[in-house]
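Working notes for the structure below.
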Amino acid sequence: MDEAADHAAHFTRLADEIASAVLGKSDVVRMALVALLSEGHILLEDVPGVGKTTLARAIAAVTDGEWRRIQFTPDLLPSDVTGVPVFNQATREFQFHPGPVFSNVVIADEINRASPKTQAALLEVMEERQVTVDGRRYPVPRPFLVVATQNPVEMDGTYRLPEAQLDRFLMRLSLGYPGADAELAIMRGDRLTAPEDLKVVADSERLAAIAAAAKRVFIDDAVYRYVLDLAHATRGHDEIHVGVSPRATVALVRALRMLVLASGRSYATPDDVKELAVPAWAHRLVLAPGSAISGRGAADVLRDVLDRVPVPAPVRHGDE
């Protein structure tokens with residue numbers, strides 16, 4: 001078995017184990033794993049009670065990482081997230097007491113119920129994998145993943161996440177309501193495994209090996225150019241006030257390599273880019289007021305961009 005096929009098989013085992021706790025959502029599980037293995041962060045947006053936290057806990061369980069859950073509420077303080085210096089009477093010095101972000105998987109539950117100031121406490125650690133307190137830097141464990149759940153912004157008691165923070169999430173995913181068969185199985189408890197009962201499928205060494213293999217995936221210049229053309233199209237679209245940033249193009253390419261590897265291939269195609277564009281970019285767009293009035297969402301406008309931008313011929317260079 002070649003390298004790509006071996007890692008793809010391990011990816012499938014991870015997805016299958018998570019799917020035993022999150023029924024009927026194999027596509028979302030697959031994308032969540034792509035984000036995890038791309039060393040990105042995941043924003044799960046949906047109505048309450050559809051399994052957002054279960055998915056986050058399942059990801060933590062199968063990767064054998066220490067995980068902590070933060071319930072975001074209006075009275076949560078930034079120090080409740082990052083930690084706080086405490087005066088030690090014995091040493092007559094301040095000692096830093098780490099907060100819950102010092103774990104491998106951080107579940108930020110209902111992140112948009114906290115104030116913008118508290119939400120911003122995650123900005124540095126999501127980008128730089130460290131927390132700065134009183135001028136000192138404290139690195140968090142690796143691998144490090146934030147899985148944030150968010151209720152729709154129209155719901156009472158929610159705050160819109162700032163664009164700077166949205167841009168730090170590699171993907172925004174939505175579980176949606178389960179299908180009828182899956183919901184019946186959930187009601188009966190059939191074929192449903194609790195996250196804490198899931199088997200460990202990949203430890204930190206295996207995750208690092210998969211991430212390293214993804215960096216060797218071949219991307220032709222035509223595919224790079226296609227990503228750039230799509231990005232430029234968002235920046236000049238009449239219905240988009242602010243298009244995707246260079247950080248977004250880099251993030252999409254990083255996820256693209258992992259998606260290709262998970263498919264058992266060693267080269268990327270334009271179709272792979274199209275599959276990733278909405279989950280990786282839609283949450284980063286700021287729509288013009290007219291688009292919001294018409295009822296079109298960011299995903300709708302982005303699909304319009306995908307339809308308009310010419311697709312290069314399929315590329316198979318680097319196939320081994």
Is there a donor-acceptor pair closer than 3.5 Å between any side-chain N or O of [X] and the backbone N or O of [Y]?
| X | Y | answer |
| --- | --- | --- |
| Arg257 | Val217 | yes |
| His283 | Phe169 | yes |
| Glu17 | Val200 | no |
| Arg235 | Val244 | yes |
| Thr118 | Leu76 | yes |
| Arg254 | Ser38 | yes |
| His41 | Met126 | yes |
| Thr63 | Ile59 | yes |

If you look at every heavy atom in [X] and [Y], which pair is closest and at what distance?
| X | Y | value |
| --- | --- | --- |
| Leu252 | Ala280 | CD1-CB, 4.4 Å |
| Pro143 | Asn104 | O-ND2, 3.0 Å |
| Ala21 | Thr54 | O-CG2, 3.7 Å |
| Glu45 | Ser174 | O-OG, 3.2 Å |
| Pro100 | Val106 | O-CG2, 3.9 Å |
| Pro85 | Asp134 | CG-OD2, 3.4 Å |

Given side chains that start at C-beta, do those of [X] and [Y] come closer than 4.5 Å, heavy atoms only?
| X | Y | result |
| --- | --- | --- |
| Arg247 | Glu127 | yes |
| Glu124 | Thr82 | no |
| Thr234 | Leu285 | yes |
| Asn112 | Gln119 | yes |
| Val101 | Arg68 | no |
| Thr269 | Val223 | no |
| Ile70 | Ile107 | no |
| Glu275 | Asp271 | no |

side-chain contact (heavy atoms from CB on, under 4.5 Å) partner of Phe11, chosen from Val201, Asp6, Leu33, Asp16
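Testing each of Val201, Asp6, Leu33, Asp16 against Phe11, the sole residue satisfying side-chain contact (heavy atoms from CB on, under 4.5 Å) is Leu33.
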
Given Leu43, which partner from the list Leu173, Val146, Thr149, Leu166 fulfils the side-chain contact (heavy atoms from CB on, under 4.5 Å) test?
Leu166

Crowded around [X] [atom1]? As in, over 12 foreign heavy atoms under 6.0 Å?
| X | atom1 | value |
| --- | --- | --- |
| Asn88 | CG | yes |
| Arg225 | CZ | no |
| His97 | NE2 | yes |
| Glu205 | CD | no |

Walk me through it: do Met31 and Arg172 pass the test side chain to side chain contact (heavy atoms under 4.5 Å, CB included)?
CA-CA 10 Å; Met31 281 297 178; Arg172 180 178 64 183; over 6 Å; no

Just how far is it from atom [atom1] of [X] to atom [atom2] of [Y], taken to the nearest 0.5 Å?
| X | Y | atom1 | atom2 | value |
| --- | --- | --- | --- | --- |
| Thr249 | Leu230 | OG1 | CG | 11.0 Å |
| Arg284 | Leu302 | CZ | CG | 11.5 Å |
| Lys274 | Arg303 | NZ | CZ | 12.0 Å |
| Leu37 | Leu261 | CG | CG | 9.0 Å |
| Ser115 | Asp75 | OG | CG | 9.5 Å |
| His237 | His232 | NE2 | NE2 | 15.5 Å |

Candidate pair Asp220 and Tyr226, rule side chain to side chain contact (heavy atoms under 4.5 Å, CB included), full reasoning:
CA-CA 10 Å; Asp220 189 84; Tyr226 182 52; over 6 Å; no

Apply the test salt bridge (Lys or Arg N to Asp or Glu O under 4.0 Å) to residues Asp27 and Arg30: give CA-CA distance (whole Å), side-chain angles for both, the deciding distance (0.1 Å), then the verdict.
CA-CA 5 Å; Asp27 290 345; Arg30 181 168 175 262; 6.0 Å; no

Going through the checks in order, is the salt bridge (Lys or Arg N to Asp or Glu O under 4.0 Å) test met by Glu39 and Arg129?
CA-CA 11 Å; Glu39 299 183 328; Arg129 269 68 174 177; 5.7 Å; no

Is it true that the side chains of Asp167 and Ser245 contain a donor and an acceptor less than 3.5 Å apart?
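A pair is found: one side chain offers a donor N or O, the other an acceptor, under 3.5 Å apart.
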
Can you say whether the rings of Tyr138 and Phe96 are parallel (under 30°), tilted (30 to 60°) or perpendicular (over 60°)?
parallel

In sequence, state the C-alpha distance, the side-chain angles, and the governing distance for Arg113 and Gln150, and then conclude on side chain to side chain contact (heavy atoms under 4.5 Å, CB included).
CA-CA 8 Å; Arg113 289 200 180 278; Gln150 173 177 251; over 6 Å; no

Are Val131 and Phe94 in one and the same hydrophobic cluster, where Ile, Leu, Val, Met, Phe, Trp and Tyr link if side-chain heavy atoms are under 4.5 Å apart?
no

ILVMFWY network linking Val22 to Tyr177, side-chain heavy atoms under 4.5 angstrom:
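Looking at the clustering, Tyr177 is in the same group as Val22.
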
Decide yes or no on salt bridge (Lys or Arg N to Asp or Glu O under 4.0 Å) for Arg308 and Asp304, but give the supporting numbers first.
CA-CA 6 Å; Arg308 292 185 183 184; Asp304 180 58; 3.0 Å; yes

Determine, for Phe144 and Arg142, whether the Lys NZ or Arg CZ falls below 6.0 Å from the six-membered ring centre while staying within 45 degrees of the axis.
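No, Arg142 and Phe144 do not form such a contact.
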
What's the verdict on salt bridge (Lys or Arg N to Asp or Glu O under 4.0 Å) for Glu110 and Lys52, showing C-alpha distance, side-chain angles and the deciding distance?
CA-CA 10 Å; Glu110 297 187 301; Lys52 300 188 298 294; over 6 Å; no

Does Leu276 form a side chain to side chain contact (heavy atoms under 4.5 Å, CB included) with Met171? I'd like the steps, not just the answer.
CA-CA 9 Å; Leu276 279 170; Met171 291 188 194; 3.6 Å; yes

